[in-house]
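Each remark here refers to the structure printed beneath this line.
We're numbering straight along the sequence, starting at 1.
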Amino acid sequence: MEIISKSYLSLSNWQRKQNAANNFSAVLPYDMEQQRKETKEMMDDLTNRDQRMMFGLVTMVHLADSKEQLDSDTETLLSIARKNLCQMSVLRWQQKDGLDTALPYGLRKIQALRTLTTESTAVLIPFRAQEILQNGGIYYGQNAVSKNMIVADRRKLLNGNSFRLGVSGSGKSFSAKEEIVSIVLTTNDDVLILDPESEFGYLVEALGGEVIRVSASSGTHLNAMDMDRAYGDERNPLIEKSEFILSLFEQLVGAGNVSAREKSILDRCTEEAYREYTANRYTGQPPTLKDLYHSLLNQPEPEAKGLALSSELFITGSLNTFAHQTNVNTKARIISYDIRELGEQLMPIGMLVTLDAIFNRVIQNWRKGKTTWVFADEFYLLFRYQYSADFFYKLWKRIRKYNGLVTGLTQNVDELLRSDTARLMLANSEFLILLNQSATDREELAGLLNISETQLGYITNVAAGCGLIRCAGNIVPFENSFPQNTKLYKLMTTKPDEAIR
């Protein structure tokens with residue numbers, strides 16, 4: 001305030017001198033007029049906009065390998081400052097004092113201050129750099145603005161559901177594999193992967209996990225009727241399994257083509273197929289779809305014969321891979337369900353059986369007090385089939401209650417966003433990683449997630465592993481690199497000339 005008073009005093013003195021010389025029409029010189037204008041603006045800030053007066057000093061330290069280079073750099077810095085209407089001066093014979101002022105000692109050795117309002121002072125301090133740093137979290141990269149580490153713990157969010165979106169080659173799978181490695185090495189949590197492109201198998205095997213390669217021609221089998229006492233959502237396991245069998249037959253026969261009479265028959269035959277197994281308190285081998293098939297054939301109604309005939313291809317025919325007893329380890333800590341070779345005909349059923357196995361593993365782990373991480377690659381494939389889309393949507397909404405966290409990965413963002421169900425899932429996910437996007441996808445995502453034009457620049461024509469992280473509503477640009485001269489990199493990369501094969 002003293003400075004403002006002095007400014008007004010100098011203006012008053014000048015005016016008084018002009019009046020004493022009978023020069024009543026004198027006009028203030030330009031520099032004094034500017035001084036009065038700036039003083040008035042500052043007074044308005046202090047009185048009307050709740051600003052405060054601050055003393056500020058900006059000290060910049062730059063180094064060079066030689067005196068000539070130092071002089072050249074200094075002249076460049078002064079030139080840039082002048083272009084931006086900023087005055088800078090060189091600290092001659094005060095280099096040590098300048099260095100002491102710049103270092104984080106909390107000392108000021110340079111006795112040069114200028115007055116600033118709090119608004120002007122805030123420009124000099126990066127208050128707007130959003131950070132993500134949660135104790136016990138996983139490293140996801142480096143903040144592109146502040147260069148600080150980004151560490152997030154998805155288990156502490158409202159829900160741990162996540163998407164990774166980006167064009168092919170943007171680093172989606174690599175990012176997910178980094179997260180899987182961190183989970184395996186730092187926690188006791190289980191990891192389940194739905195892998196339609198056979199991209200996770202080598203890493204899972206290297207980590208001591210189980211790769212279940214399911215196809216019509218392989219010797220690997222998953223029993224669609226697997227059930228134990230822990231099956232289902234704290235209800236009668238048989239009721240839950242009966243609902244699953246109804247969904248399975250609707251996939252076989254066609255959506256909406258299973259009548260009420262046929263549903264009653266299926267429920268009756270399901271109970272009959274499990275009668276001996278439940279009587280033995282869920283011990284021994286569970287029944288298979290072949291047992292259900294024979295039960296259908298033994299029913300007197302013609303509809304039962306029709307159901308048996310409709311399902312024959314997938315039970316006694318050439319696509320009967322889910323009609324055998326399970327012959328792989330489904331209790332491993334890390335499991336990758338490789339469904340690449342299922343084929344178009346078997347894919348809808350394969351999706352349903354695999355998702356059923358994953359969800360019930362999540363429930364079993366919950367009852368043991370364990371957390372389960374689920375990763376679904378090429379997520380858009382799930383929404384090509386109505387029942388797998390509905391099943392996964394329910395899983396997305398319910399899995400949080402069972403200490404589960406789901407991650408969906410896809411490059412076909414536009415195809416994914418055509419589904420209203422997928423849009424709801426995306427909007428309600430607390431953790432998103434957005435990598436390089438195509439032009440149409442950027443527009444869709446900007447509208448759905450309220451991404452600004454400046455933030456969109458971080459997902460436009462950027463290198464692999466760079467983009468935006470949205471964590472609990474906060475959007476932070478990030479960059480991530482991984483040392484390429486390691487075996488772990490070769491296990492995680494999908495580049496044909498670098499990956500271990």
Can any side-chain N or O of [X] pair as donor or acceptor with the backbone N or O of [Y] at less than 3.5 Å?
X    : Y    : result
Q134 : I132 : no
T326 : N223 : yes
N280 : E276 : yes
K177 : M492 : yes
H221 : T321 : yes
N161 : W396 : yes
Y277 : M227 : yes
N320 : T316 : no
Q325 : T288 : no
N365 : T372 : no

Over 60° means perpendicular and under 30° means parallel, so classify the ring planes of W373 and F375, tilted if in between. parallel
In terms of ring plane angle, is the pair F174 and Y489 parallel, tilted or perpendicular, where the classes change at 30° and 60°?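 Tilted, since the angle between the ring planes falls between 30° and 60°.
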Evaluate the side-chain proximity of [Y] to [X]: yes if any heavy-atom separation is below 4.5 Å, no if none is.
X    : Y    : result
S168 : Q411 : yes
Y140 : E179 : yes
S146 : E131 : yes
I138 : V151 : no
K241 : Y274 : yes
Q437 : L165 : yes
S247 : L352 : yes
Y337 : V211 : no

Closest contact, heavy atoms only, [X] versus [Y]:
X    : Y    : result
S429 : N159 : CA-OD1, 4.0 Å
P477 : L468 : CA-CD2, 3.7 Å
I399 : L405 : CD1-N, 4.2 Å
A464 : G169 : CB-O, 3.5 Å
A64  : D73  : CB-OD2, 4.1 Å
R229 : R367 : O-NH1, 4.3 Å

For L194, run the side-chain contact (heavy atoms from CB on, under 4.5 Å) check against V374, D377, L355 and tell me which one passes.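 The side-chain contact (heavy atoms from CB on, under 4.5 Å) with L194 is passed solely by L355 among V374, D377, L355.
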What verdict does the side chain to side chain donor-acceptor pair (under 3.5 Å) test give for D267 and T270, after you've listed the backbone C-alpha separation in whole Å, the side-chain angles of each residue and the deciding distance to 0.1 Å? CA-CA 5 Å; D267 183 66; T270 300; 5.8 Å; no
Cationic N near anionic O, under 4.0 Å, R340 to D338: no
N-O pairing of K172 and E197 below 4.0 Å: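 No, no charged N to carboxylate O under 4.0 Å.
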Taking atom types as modelled, is there a side-chain donor on [X] or [Y] under 3.5 Å from an acceptor on the other?
X    : Y    : answer
E178 : N480 : yes
Y231 : D356 : yes
S242 : E271 : no
R164 : S175 : yes
N143 : N148 : no
N403 : T371 : no

Hey, could you give me the [atom1]/[atom2] distance between [X] and [Y], rounded to the nearest 0.5 Å?
X    : Y    : atom1 : atom2 : value
L192 : D189 : CG    : CG    : 11.0 Å
I339 : T354 : CD1   : OG1   : 5.5 Å
D190 : K370 : CG    : NZ    : 3.5 Å
L449 : L432 : CG    : CG    : 6.0 Å
L409 : D195 : CG    : CG    : 10.0 Å
R442 : T460 : CZ    : OG1   : 3.5 Å

Listed partners of S173 passing side-chain hydrogen bond (donor to acceptor under 3.5 Å, both in side chains), at least two apart: E199
For F163 and F431, what are the C-alpha separation, side-chain angles and deciding distance, and is it a side-chain contact (heavy atoms from CB on, under 4.5 Å)? CA-CA 7 Å; F163 274 99; F431 191 83; over 6 Å; no
Let me see the working for R154 and T407 under side-chain contact (heavy atoms from CB on, under 4.5 Å), right down to the final yes or no. CA-CA 11 Å; R154 289 168 52 185; T407 301; 2.9 Å; yes
Is it true that atom [atom1] of [X] has more than 12 heavy atoms of other residues, nucleotides or ligands lying nearer than 6.0 Å?
X    : atom1 : value
K397 : NZ    : no
K394 : NZ    : no
M347 : CE    : yes
N188 : CG    : no
Q345 : CD    : no

Could you check whether F379 and F392 have their ring centres less than 6.0 Å apart? yes
I150 and E479: side-chain contact (heavy atoms from CB on, under 4.5 Å), yes or no, with the steps? CA-CA 10 Å; I150 296 175; E479 51 195 26; over 6 Å; no
So E444 and R423, side-chain contact (heavy atoms from CB on, under 4.5 Å) or not? Walk me through it. CA-CA 10 Å; E444 288 278 353; R423 293 177 71 92; 3.3 Å; yes
Could you walk me through whether F314 and F249 pass the ring-ring contact (aromatic ring centres under 6.0 Å, His included) test, one step at a time? CA-CA 10 Å; F314 301 95; F249 268 79; 9.8 Å; no
